[in-house]
Student: 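Attaching a single structure in structure tokens format; questions to follow.
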Number of protein chains: 2
Amino acid sequence: MARIKTDKNVSRKDVIVTKAAVLFREKGFKAASMRDLAEAVGVEAASLYNHIKSKTELLHELCFGVANRFMHKIDEIEAEPGTAIEKVERLLRFHINEMISHYEEVYVSDREWKHLADPYLSNFQNQRRIYRKRFAAIIENGIRNKEIKKIDAPTAVLIMLHAIGGIESWHRSTQKISAEALEDNMITILVGGLVNR
Amino acid sequence: MARIKTDKNVSRKDVIVTKAAVLFREKGFKAASMRDLAEAVGVEAASLYNHIKSKTELLHELCFGVANRFMHKIDEIEAEPGTAIEKVERLLRFHINEMISHYEEVYVSDREWKHLADPYLSNFQNQRRIYRKRFAAIIENGIRNKEIKKIDAPTAVLIMLHAIGGIESWHRSTQKISAEALEDNMITILVGGLVNR
DNA sequence: AAATCTTACTAACAAACGTTATCTTCGCTG
DNA sequence: CAGCGAAGATAACGTTTGTTAGTAAGATTT
């Protein structure tokens, strides 16, 4: 009987959730089975249920973990002083870093949230909608003080957020440029597309 | 016994493939069942197999249909005269229009190709890799004649392609700007992020 | 060392899945 | 209108799925 190994401050549930993120990213939520997950953890499938309530709970955990981090960040950025362009850049850099260093969870949260069940689904969609509105509001401010080109702000948000999803391909790529170079390139292109000159 | 309705020049298989695209987009390939599809088509699940070989065949059909269209387009654009920026813009406009007018298929091809089985999977991944290389080569040309900023071309490609995936959100959105406005906004931001000035 | 709580295993379930085999019915062609 | 091929329905199959119940073994506390 091989127990799930844990370091200090990491519950067995955390181990499971982390492995689930990897699996959900690789195969997708529906295609990843609890037996797959059990094998990855080194345990029988049924044993997982000593630590979690259901497969969907794993998805909740992942999606809302990520969503909360982004919400806190935009709170922070809205409160800070700075031009609109500076705020957009800070937010983008945060997105990029999250996608680089918490790849699995962010990716899963981005692509697999559809499989959440109500009421979590509606809740998640709401948070997402609100987040985008707040992001768009920052851009609209920038348009008003002529920092930013006259563009449709929601469209700009949509481009920014999805562009960052492309880091997925960077992760897969064999000949990666450095994470810092990736970040700077993305900022150059994306912010360069916004600024008015 | 209610037959599948077909117009002229549209086989019953085409009807099934088209409905499958809608379903695969809504629920994902794995979560969409053949019984779901049968219901959407207005027939029993087993009856579908008079027209198709397997569920996966539907995915092949969709993924390679889309991939081929993009391959032909980039052939065309490479052969045409024009600056690098013009070529990038043409390619982007094509992507945007495909995403707007063949939403379901393009979306499915983009997000669900993972569930292809070999040898189709490797084949598809190859095509994708080659396409991106050719796109990157156009951008690299632009960098050489100083039309385009000094950026990492593969990163630029990755941003462009994923940004366009954001049109998904536009489709869902209740207060849509017009398709033309969407296209122009995207071009402004994306091409604006590339040009050297 | 005894008692208790935690964590794992085995066995099994009901439901849903893709798919096949068999038979019936519809619609067209001669 | 007879006959044939295309297209549908019914029933069933073997898997795989998420999950539960009951039990044994390890870890921790008394």
Student: Hey, is the main chain of A/Phe29 close enough, under 3.5 Å, to the side chain of A/Lys55 for a donor-acceptor pair?
Tutor: yes
Student: Compute whether any side-chain donor of one residue and acceptor of the other, for B/Asp118 and B/Ser122, lie under 3.5 angstrom apart.
Tutor: yes
Student: Going by number, which of residues 47-63 of chain A have a non-hydrogen atom under 4.0 Å from DNA chain D?
Tutor: A/Tyr49, A/Ser54, A/Lys55
Student: Report the nucleotide, chosen from D/dA21, C/dG18, D/dG8, that has the shortest atom-to-atom distance to any side-chain atom of B/Met34.
Tutor: C/dG18
Student: Relative to the ring of B/His171, is the ring of B/Tyr103 parallel (under 30°), tilted (30 to 60°) or perpendicular (over 60°)?
Tutor: parallel
Student: Rounded to whole angstrom units, what separation is found between the CD1 atom of B/Ile16 and the C1' atom of D/dA7?
Tutor: 10 Å
Student: State whether A/Arg25 and A/Glu168 are salt-bridged, where the test is any N-O pair (Lys NZ or Arg NE/NH1/NH2 against Asp/Glu carboxylate O) under 4.0 Å.
Tutor: no
Student: When you get a sec, tell me which of D/dA12, C/dT10, C/dT20 is the closest nucleotide to the side chain of B/Arg35?
Tutor: D/dA12
Student: For B/Glu44 and C/dG18, what is the distance between atoms CD and P respectively, to the nearest whole Å?
Tutor: 14 Å
Student: Remember a base hit wins even if backbone is also touched, and classify A/Ala32 as base, sugar-phosphate or nothing at under 4.0 Å, heavy atoms.
Tutor: sugar-phosphate
Student: Using the six-membered ring wherever Trp is involved, compare the ring planes of B/Tyr120 and B/His60 and label them parallel, tilted or perpendicular (cut-offs 30° and 60°).
Tutor: parallel
Student: Find the distance B/Leu37:CG to C/dT19:C1' and express it as a whole number of Å.
Tutor: 14 Å
Student: A/Ala46 has a side chain; which of D/dT20, C/dC17, D/dG18 sits nearest to it?
Tutor: D/dT20
Student: Round to a whole Å and report the spacing from CD of A/Glu39 to P of D/dG18.
Tutor: 14 Å
Student: Filter on salt bridge (Lys or Arg N to Asp or Glu O under 4.0 Å), then keep only pairs touching residues 184-196 of chain A, sequence neighbours left out; what's left?
Tutor: A/Arg93-A/Asp184
Student: In whole angstrom, what separates B/Lys27's NZ from C/dA16's P?
Tutor: 12 Å
